[in-house]
Amino acid sequence: MSLKTLITYDKAFQEILKKHLPRKEQFVTNRHDVPAFSRKCQILVPNTLSNPWNSSITGTAFDYLARFIVAKQLDDDRQRVMDSFVAENGLEEIQKREQDSWISVEPAFPRLIKRYEQARKRVKKYISDNKIDNYTELIPDVCFLARLDIAFRSSWVPLTGYGQLLCNETKETISDVANMAQVFFQVFIIGQIITGQSTVVFNPRFGDMSIVCGGADADILVDGVLYDFKSSKKLGYHWDEVAQIYGYYLLDCLQKIAMEHAAGSTLGEEINYIAFYRARSGIIEKFSTKEFVNEDLYETLIEIRDYLYAPQRRQCASLLGYDVWENRERVVENLTDEAILSWVQHR
């Protein structure tokens with residue numbers, strides 16, 4: 001279960017979000033000649049991948065590479081980006097599988113560990129180096145991290161051997177990531193959306209709210225703008241995409257009201273905009289959170305709280321651990337109607 005899963009399959013949850021979902025016309029773009037969610041925008045990086053599976057790899061690899069490119073530009077604390085590798089969770093899951101097995105049958109596992117350590121070392125060097133940007137050298141590494149990331153998020157671990165995680169990338173995969181990174185560099189770095197003084201939260205999470213919905217982490221928060229990177233060739237306004245980033249914002253609101261802090265938390269940082277970055281066109285579609293009507297936001301936050309903390313959801317505790325459920329009990333005490341109303345009125 002995760003925020004994305006709830007949006008995809010849970011009709012009750014869908015109905016809550018659909019009531020006051022940001023509308024297409026409320027978004028603005030970084031291009032005065034291109035409206036938000038246009039199906040006629042120029043595609044700078046066409047998806048020509050022959051294997052559909054590689055689209056997942058290149059999309060996730062781009063997410064990693066974009067964050068590393070951003071980190072390299074910062075004046076201070078660049079290494080924070082190293083703390084938010086979902087790929088490491090994937091490696092830990094595989095490692096646990098090895099430890100739980102009474103006999104190891106996978107000779108590739110030590111190579112998997114070594115490959116991960118090499119990738120981290122090269123990423124750390126890239127971020128620390130103040131020389132000319134050579135992000136293309138990291139593409140094989142971010143593709144490897146993408147495979148681990150996908151393995152964790154989808155609970156997929158290859159039964160036929162870890163060699164599938166160690167395979168060399170095809171030329172078209174490398175080229176696809178490189179081309180998306182080039183456009184990103186032009187828009188965000190040359191376009192000075194990112195500066196040395198930018199305030200950045202990498203791979204932001206929303207404290208206990210991320211846990212209680214089964215998992216929710218966004219791509220990046222930059223100077224008050226929460227970005228969701230999109231690399232698919234799908235065009236137009238899709239309610240489920242908007243619902244996901246809207247859901248992040250709602251979880252962030254509840255986290256701030258409950259004052260729950262966790263690694264990667266957005267506590268202390270305002271989300272003034274939610275936005276999509278379209279990696280294949282270089283277009284940013286941005287919505288101001290000031291557009292939310294206070295009465296509507298209050299109603300939605302109450303409904304989300306009641307849904308997530310409903311007694312019948314306690315059965316999920318066995319999957320997450322009893323301590324997590326105890327934490328839910330404590331957190332919900334802070335999420336009173338009065339506390340939510342006060343926060344909404346003063347946001």
Side-chain angles (χ1 to χ4, degrees), residues 2-47 55 59 62-63 66 180 183-184 186-188 191 193 204 206 213 216-254 266 270-304 307 344 347:
S2 66
L3 176 62
K4 186 174 183 179
T5 303
L6 291 176
I7 291 169
T8 303
Y9 298 107
D10 194 301
K11 292 191 180 300
F13 194 74
Q14 290 173 8
E15 290 306 311
I16 294 173
L17 295 182
K18 283 181 176 180
K19 285 182 182 179
H20 305 298
L21 196 68
R23 302 185 306 276
K24 175 181 177 178
E25 60 271 18
Q26 292 179 294
F27 286 79
V28 297
T29 75
N30 57 330
R31 294 268 304 276
H32 71 275
D33 59 330
V34 179
F37 308 104
S38 172
R39 294 181 179 274
K40 298 180 180 180
C41 62
Q42 181 184 8
I43 302 301
L44 303 175
V45 186
N47 185 338
S55 293
F62 165 75
D63 291 353
M180 287 191 288
V183 174
F184 178 85
Q186 186 69 36
V187 173
F188 278 79
I193 291 175
F206 312 102
C213 72
D217 60 294
D219 286 325
I220 196 168
L221 176 66
V222 178
D223 296 329
V225 183
L226 184 68
Y227 289 97
D228 192 4
F229 297 152
K230 295 296 182 185
S231 58
S232 73
K233 53 186 178 182
K234 187 166 63 172
L235 299 175
Y237 179 97
H238 298 275
W239 85 267
D240 54 333
E241 289 185 346
V242 178
Q244 183 156 344
I245 197 166
Y246 175 38
Y248 292 149
Y249 176 72
L250 295 172
L251 294 179
D252 178 73
C253 293
L254 291 173
T266 52
E270 294 298 322
I271 297 181
N272 300 316
Y273 295 89
I274 53 178
F276 296 106
Y277 171 68
R278 304 290 176 180
R280 297 192 179 278
S281 63
I283 290 175
I284 296 170
E285 296 155 340
K286 189 162 64 171
F287 169 88
S288 171
T289 57
K290 295 299 182 186
E291 295 255 5
F292 288 123
V293 177
N294 280 357
E295 291 80 2
D296 295 344
L297 182 59
Y298 170 72
E299 175 190 345
T300 304
L301 289 173
I302 293 291
E303 291 186 0
I304 292 290
Y307 173 88
V344 168
R347 68 186 177 101

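The backbone N or O of C41 sits nowhere less than 3.5 Å from a side-chain atom of S281 that would complete a donor-acceptor pair. Looking only at distances, a side-chain donor or acceptor of D219 sits under 3.5 Å from a matching main-chain atom of F229. Judged by distance alone, with hydrogens and angles left aside, the side-chain atoms of E291 form no donor-acceptor pair with the main-chain N or O of S288 at under 3.5 Å. Checked by atom type and distance alone, the side chain of E285 pairs as donor or acceptor with a backbone atom of F37 at under 3.5 Å. A donor-acceptor pair is defined here as one N or O able to donate and one able to accept, closer than 3.5 Å; no such pair exists between the side chain of R280 and the backbone of I43. H32 contributes no side-chain N or O that, together with a main-chain N or O of T29, makes up a donor-acceptor pair within less than 3.5 Å. The backbone N or O of S231 sits nowhere less than 3.5 Å from a side-chain atom of N47 that would complete a donor-acceptor pair.
No hydrogens or angles considered: a donor-acceptor pair under 3.5 Å links the side chains of S2 and T5.
Residue-environment remark: CZ (F13) exceeds the threshold of 12 foreign heavy atoms within 6.0 Å.
Between F276 and I283, every side-chain heavy-atom pair lies at or beyond the 4.5 Å cut-off. Looking at heavy atoms from C-beta onward, V222 lies out of side-chain contact with F188 at the 4.5 angstrom threshold. A heavy-atom distance below 4.5 Å is not found between the side chains of L254 and L250. Under the 4.5 Å side-chain criterion, counting only non-hydrogen atoms from C-beta, V183 is in contact with Y277. Between I193 and I284, the closest side-chain pair of non-hydrogen atoms falls below 4.5 Å. Inter-residue side-chain proximity for T8 and D240 is flagged as unmet; no heavy-atom pair is nearer than 4.5 Å.
The SG atom of C213 sits 5.0 Å away from atom CG of L251, with the distance rounded to the nearest 0.5 Å. The distance from the CG atom of L226 to the CD1 atom of I245 is 5.0 Å, given to the nearest 0.5 Å. A distance of 13.5 Å separates NZ of K19 from CD of Q14, quoted to the nearest 0.5 Å. Interatomic distance, NZ of K290 versus OH of Y273, reported as 10.0 Å (0.5 Å rounding). Here the straight-line distance linking atom NZ of K233 with atom CZ of R278 works out to 15.0 Å at 0.5 Å rounding. Interatomic distance, CD1 of I304 versus CD1 of I16, reported as 4.5 Å (0.5 Å rounding).
Closest approach of Y249 and R347 over heavy atoms only: OH-NH1, 3.6 Å. Considering every non-hydrogen atom in both F206 and A216, the closest pair reads CD1-O, 3.9 Å. Summarising the geometry of L3 relative to Q244, their closest heavy-atom pair is CD2-O, 3.8 Å, with the distance given to 0.1 Å. Scanning all heavy atoms of the two residues, the minimum distance from M180 to V45 falls at CG-CG1, 3.9 Å. Heavy atoms only, all atoms of each residue included: V344 and N294 are closest at CG1-O, 3.5 Å. R23 approaches Q26 most closely through the heavy-atom pair N-OE1, 2.8 Å.
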Intermediate values then yes/no, side chain to side chain contact (heavy atoms under 4.5 Å, CB included), D10 and Y307: CA-CA 11 Å; D10 194 301; Y307 173 88; 2.5 Å; yes

Do I274 and Y248 pass the side chain to side chain contact (heavy atoms under 4.5 Å, CB included) test, and can you show the C-alpha distance, the side-chain angles, and the key distance before you say yes or no? CA-CA 9 Å; I274 53 178; Y248 292 149; over 6 Å; no

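Classification of E303 and K18 as a salt-bridged pair fails, no side-chain N sitting under 4.0 Å from a carboxylate O.
A tilted orientation is assigned to the rings of F287 and F27, their planes being inclined by 30° to 60°.
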